[in-house]
Structure formats: structure tokens, C-alpha cells
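Here is the structure we will look at, set down as C-alpha cells.
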There are 2 protein chains.
Amino acid sequence: MSGRGGRARLAGYPLAMAARELQERIKKLIVDGRLPSGAPLPTEPALMAHLGASRNSVREALKALQAMGIVEIRHGFGTYVGAMSLAPMVEGLAFRTVAGHHRGEDSLLQLLELREALETGLISRLAGKLPDRDLDELDALVARMERQAAHGGDGLAETDRAFHAALYRGLDNALLGEVLEAFWEAFHTVRTDLGGAPQDPETTCGQHRDILDAVRSGDSLQAEAAIREHFGNIRSRLSAPRPRSSQERHREQEDPRTPRRHGEPGPQGRHHERV
Amino acid sequence: MSGRGGRARLAGYPLAMAARELQERIKKLIVDGRLPSGAPLPTEPALMAHLGASRNSVREALKALQAMGIVEIRHGFGTYVGAMSLAPMVEGLAFRTVAGHHRGEDSLLQLLELREALETGLISRLAGKLPDRDLDELDALVARMERQAAHGGDGLAETDRAFHAALYRGLDNALLGEVLEAFWEAFHTVRTDLGGAPQDPETTCGQHRDILDAVRSGDSLQAEAAIREHFGNIRSRLSAPRPRSSQERHREQEDPRTPRRHGEPGPQGRHHERV
DNA sequence: CTAGCTCAGTTGGTTAGAGCAGCTGACTCT
DNA sequence: AGAGTCAGCTGCTCTAACCAACTGAGCTAG
């Protein structure tokens, strides 16, 4: 008589306490309490009592919230309000892009175009409006980049990211900066995972300097052109080493929106199950 | 002697089988199998056998993947590769914005600025390049919008969203379209949740028509101006009913990165726990 | 013979209790 | 006083049962 699965509850709650609802209630806890990032959440037993759900359900809800970055869990320490960074978005985007790429889509190129659209749209409103302090920082970053390029290219990617991050800091919009960095990171992650050809360090350095010069001079058209040139460079290196022809996409479809049930494997069905 | 917690495993696997690793392995299953959206995944028992983990752990991993949109779970039916839509991003972004707003940040305004930056950056490359078919569709949408505005405004938001979606369809980049829609939805969700003043239907319709006219005429500068005007309108309605001054942000910090442990409540600690 | 219903069997959802593992702070021994 | 130990929190994993949603085969009524 161990796990009997009965429902001794506080009465008054619907018995079908969907997991979805648990998530919402925990989120409500955070919003209503105006809890800032890092604030402690109730322990699992406390949440069980408060939400009237079992340990397992509470944990599944927390796991989902953790995956969304809303909650942070530390083993042996406690549960806390998450940093709400866009890291989960990066992960989701990266996976989506990798999966799409492996299925023959040009998902990585689309991601690059997304970045290009955003940055070209933003650079014009920066031209000539950056304080000297930021310009000096960008100068230093380009210098470091050139130094790293000469010495084998170690840490070049990190400097590249720092450059783009510093560039758009002047917009005074934290969300904007985070989204840009998220897209950068997703792109970078996927490209390295896929073993794509890295950029030519020298060319890249030059383009970064061009961007900086244009922004400093205040010529917004030239700045936009410089950004576009930079992305064009990356794009060319991206589309070059692609073996599969672009016509061979969209295979293995077979009415994907009405999937068959388990136990009735389709053409490609359940061939993992046993492995 | 019911739950003994022993570890009868296939031997060869590390015993510390972190939940994180389970997620990675399931993701690998999808990528390596080149499974398209909607393809069936192994059942929970099958995953238990394949991954050598308990039902509970498998389910927690699946829950996390579900939260990221990588996996779709249907009660009584099976588990499938998710649509990889950006819906989870919408949810995360919306929550982040709501939470920020309740803490006194201008997060909603930042979200609006993000949309504005993206759309202004994109509209110029659309001007004069949309096929007649798309222009006709946009015409129809504006007409419907005007009709809805006259009849109380039911369904106006949906038409608004359709307009923006149709506008950027010509870019031939599915990701871009989805991101734009995701931002639109996050913004709309938060604004309605927060009970912000809705826009004036008449003005909004006029602005949409201005945008369409500018795009049709091919005048990219005018198109950009029209978009900016549109967002300016929304922005003004947003910042109007805000009681708190913008200087009073960044309170209640108190070193949020080294949170105290449970049982030692800080200034605002664990006041949910008992409720 | 067909339309509809019922029921067995599949799938995921939830609960329960026990033991495992990481971390901290107080207590104890040197 | 300093260092090691241990009790006690915390979250993590496992097992085992039952609950609920859904499908499809088979039966029944028309």
C-alpha cells in the first residue's frame, strides 16, 4: 500500500489541476510579489502545500519555468527568481536553426539576415551620436581585435561580440541590446557547431574599423553601407561551403500536421525507440 | 520496501545523469534523426529504456523541452517534435515585460522601441518592391480595419496583426516574419494584460493606410516616416498614463546576485511560503 | 449491411514515499 | 583559536501505483 494515487486535497480546487496552471500560479506568485531577479522562492515542500499539488507536478512546473529563464534552481540551496535573460531564447533559436539546417533549410542564412536587418536599421540612428567615451572603447576593441588576429585569432569571437554589444549600448535600451546579443550568440553557436569556415580575421578587422569610422564621422549612410558590407562578407563565407543543392529541400514531409499515433510507425516512424 | 531509490542501470553510464543531459540527448535524437516538425518521438517508457532514466526524469526533461517549443506533448496520444515556433519566446518575453513593468521599469516601452527599430529598418527595403498581389491583400486588410473601427472595434487587433504580418511577408524570410509577429504578440499581450488605453481606431486606420500608400509609391523615406509616425502614436498612448517617474527605477537591489539561503529571509524573503 | 456504441489497450498525467546528493552552519575535538 | 564532523536544510532521482485522454477493434441495434 505505498503509492495509492489518491487525492487528498484541500477541497475547493478543481481536481484536474493542469500542470499548465501550476506554472501560471507560480508566475503569478512572482509578479504579484514584485519579486526581483534573485529573490528566493518558496521551497518545494512549501510550494506543494501552497499549490496543493504533488512534489512531481511542482517540480515539472519549475523545470518548465527554468527552461524559460523565469526561475533559477540551485541544488542544495534553493529556488530563485531567474535573471530573465534571453538565454533560453538563444538556446531555442539555436536548436531551431540547427534542426532546420540538418533538414536542408537555409535557416542559418535566415538568422544572419535577421541580424543584418536589425543592425542596419539601428546603425543609422547611432551615427554621430555616440559619446567619445563609447567611441574610445570601440577603438580599443578594434585594436585588441587586430592584435588577436595577428596572434592566431584566439578570443577573436569574444571581442567581435563585445564590439557589437558596445556599439548599440548607446541606444539606452537594455532589451534591444540583449536581443542583439542573443541573436549574435545563437548565430555564433550554430556556426561553430556546424563547423563552418571561420571568417578571415584581417578582413573582419578592417570592416569593424570601417564601421567605427563611419559612426564617428556621423555619416549614417556610410555607416549603414559598412554594416551591410560586413554582413555581406559573413554571408559569402556561409553560402560557399554548402554541399547540398537548395532544390533538395522539403523532403520527408508526408503530411506532417496529422501525425499517426504511436504503435503505427510511418515511413520513418519510431526508429529510435530501440536503437 | 517500496521506493528503494536504487540504480539498476545498464552500466557504463555515469550515475549522475544530470537532467540537463537528458534534454541534450533527446535533442540529439531529433537532430540526428533529422526529424521534421510533427514526427513522433518514442513513448515515455521507450525513452526510459533508451536513456536509462526513470519516468520522472524523462518527463521533467520533456517538460523543459516542451517549454522551449522543441517538443509537443499530447495527452493520451503521444509525444512529437514541436513546431519550433517562437511561441515560447513570446511567453518569456511577455512575462519578462510584465514583471519588469510591475517593478517600475519601462519595459513595455523598450519592447515597443525594439519593434520600431526592426520595422523601420525593414520597411525601406520593401518600398516599391511588393507584388500587386500583396498590395491588394493589404488594401483589403485596411478596408476591413476601417469597417471594424466603425462597428465598435471588434477584432481590430487581429486585423492589425495580420497587416503587419502581410507587410513583411515579401521579405521571403520565414524567421524574420515569425520574430516580428512574436514581438507584436508579446507587446499586445502585455498591453492588454496591463489594461493600457487602447489606440484610437480612426487614427490607427489612417496610419496604416499611410504606410500602405508609401510602400506602394516606392518612396522608402516616406514609408519609414509613416512607420515612425505609427509607432509614435502608440508610444504616446503608452507613456501617458504612467504615474511613476522614470528616475525612480532601480530600487530594491541589495546585491541580488548573492541571494541568501532559504530559512534566512531577507528584507522581502519568503513571504509567500505560508500565505 | 451499416451506423453507432462500448470496451480494451495504448498514451501521457498525477500522486506517493523513499533514498540520494549538494550545501551550510553549528558543534566538537584537537 | 582552528579544523574537522555532523545534523539539517535544500533540490534530485528512483520506484510503483492509479487517473485521465484518446484510438481502434469489435459488438450491437437498426
Side-chain angles (χ1 to χ4, degrees), chain A residues 1-10 13-23 26 40-49 51-66 71-80 82 258-265 269-270 273, chain B residues 1-10 13-23 26 40-49 51-66 71-80 82 258-265 269-270 273:
Chain A
M1 182 67 76
S2 59
R4 68 182 212 291
R7 309 247 190 160
R9 202 170 347 260
L10 296 77
Y13 280 123
L15 261 65
M17 187 74 61
R20 177 75 190 183
E21 195 172 326
L22 278 186
Q23 290 182 36
I26 296 176
L41 257 52
T43 67
E44 287 182 358
L47 279 175
M48 288 169 60
L51 301 174
S54 80
R55 188 94 188 269
N56 233 321
S57 302
V58 168
R59 279 186 55 75
E60 283 182 11
L62 285 175
K63 274 282 178 184
L65 292 177
Q66 183 188 35
V71 144
E72 187 179 345
I73 304 177
R74 302 191 201 176
H75 188 171
F77 201 70
T79 308
Y80 300 86
T258 56
R260 66 225 142 266
R261 196 186 177 194
H262 279 128
E264 292 296 330
R270 66 184 338 174
E273 194 165 348
Chain B
M1 178 69 79
S2 61
R4 68 186 212 291
R7 309 250 189 157
R9 199 160 3 247
L10 295 77
Y13 280 123
L15 264 64
M17 187 73 61
R20 176 76 189 184
E21 195 172 328
L22 277 186
Q23 290 181 36
I26 296 175
L41 257 53
T43 67
E44 286 181 359
L47 279 175
M48 287 169 61
L51 301 173
S54 78
R55 179 121 184 258
N56 233 322
S57 303
V58 169
R59 280 183 55 75
E60 283 183 10
L62 286 176
K63 274 284 177 182
L65 292 177
Q66 184 188 35
V71 144
E72 185 180 345
I73 305 176
R74 302 190 203 176
H75 188 171
F77 201 70
T79 309
Y80 301 85
T258 57
R260 65 227 142 261
R261 196 185 176 195
H262 279 128
E264 291 296 330
R270 67 184 334 172
E273 196 166 345

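Convention: sequence-line order gives letters A, B, ...; per-chain numbering from 1.
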- Query: Mind checking what makes side chain to side chain donor-acceptor pair (under 3.5 Å) contact with Glu44(B), not counting sequence neighbours?
  - Reply: Arg55(B), Arg59(B)
- Could you state the atom-to-atom distance from CD1 of Ile73(B) to P of dT14(C) in whole Å? 10 Å
- Which nucleotide in the list dC14(D), dT24(C), dG12(C) gets nearest to the side chain of Phe77(A)? dT24(C)
- Query: Donor-acceptor pair under 3.5 Å: do we get one between Asn56(A)'s side chain and the base of dT14(C)?
  - Reply: no
- Item | Whole-Å distance separating the CZ atom of Arg55(B) from the C1' atom of dT15(C) | 12 Å
- Query: What's the CG-C1' distance between Leu47(A) and dG11(D), to the nearest Å?
  - Reply: 12 Å
- If every non-hydrogen atom of Thr79(A) is compared with every non-hydrogen atom of Pro42(A), which pair is closest and at what distance? CB-O, 4.5 Å
- Report yes if the side chains of Leu47(B) and Leu41(B) come closer than 4.5 Å at any heavy-atom pair, otherwise no. no
- Task: Check whether any side-chain N or O of Thr43(A) sits under 4.0 Å from OP1 or OP2 of dC9(D), and answer yes or no.
- Result: no
- Query: What is the distance, rounded to the nearest whole Å, between atom NE2 of His75(A) and atom P of dT24(C)?
  - Reply: 12 Å
- Atom CG of Leu65(B) to atom C1' of dG12(C): distance rounded to whole Å? 16 Å
- Message: Measuring from atom OG1 of Thr43(B) to atom CE of Met48(B), what distance do you get when rounded to the nearest 0.5 angstrom?
- Response: 9.5 Å
- Query: Between dG12(C), dT15(D), dT10(D), which nucleotide gets closest to the side-chain atoms of Ser54(B)?
  - Reply: dT15(D)
- Item | 5' priority, DNA chain C, between Val58(A) and Glu44(B) [closest heavy atom] | Glu44(B)
- Query: Between atom CD in Glu60(B) and atom P in dC12(D), what is the gap in whole Å?
  - Reply: 8 Å
- Query: Is any side-chain nitrogen or oxygen of Ser57(B) closer than 4.0 Å to OP1 or OP2 of dC12(D)?
  - Reply: no
- Query: Tell me, do Asn56(A) and Glu60(B) make a side-chain contact under 4.5 Å, heavy atoms counted?
  - Reply: yes
- Message: Quick check on dC12(D): is either OP1 or OP2 less than 4.0 Å from any side-chain nitrogen or oxygen of Arg59(A)?
- Response: yes
- In whole angstrom, what separates Gln66(B)'s CD from dG12(C)'s P? 12 Å
- Would you kindly give the CG-to-C1' distance between Leu62(A) and dT13(D), to the nearest whole Å? 16 Å
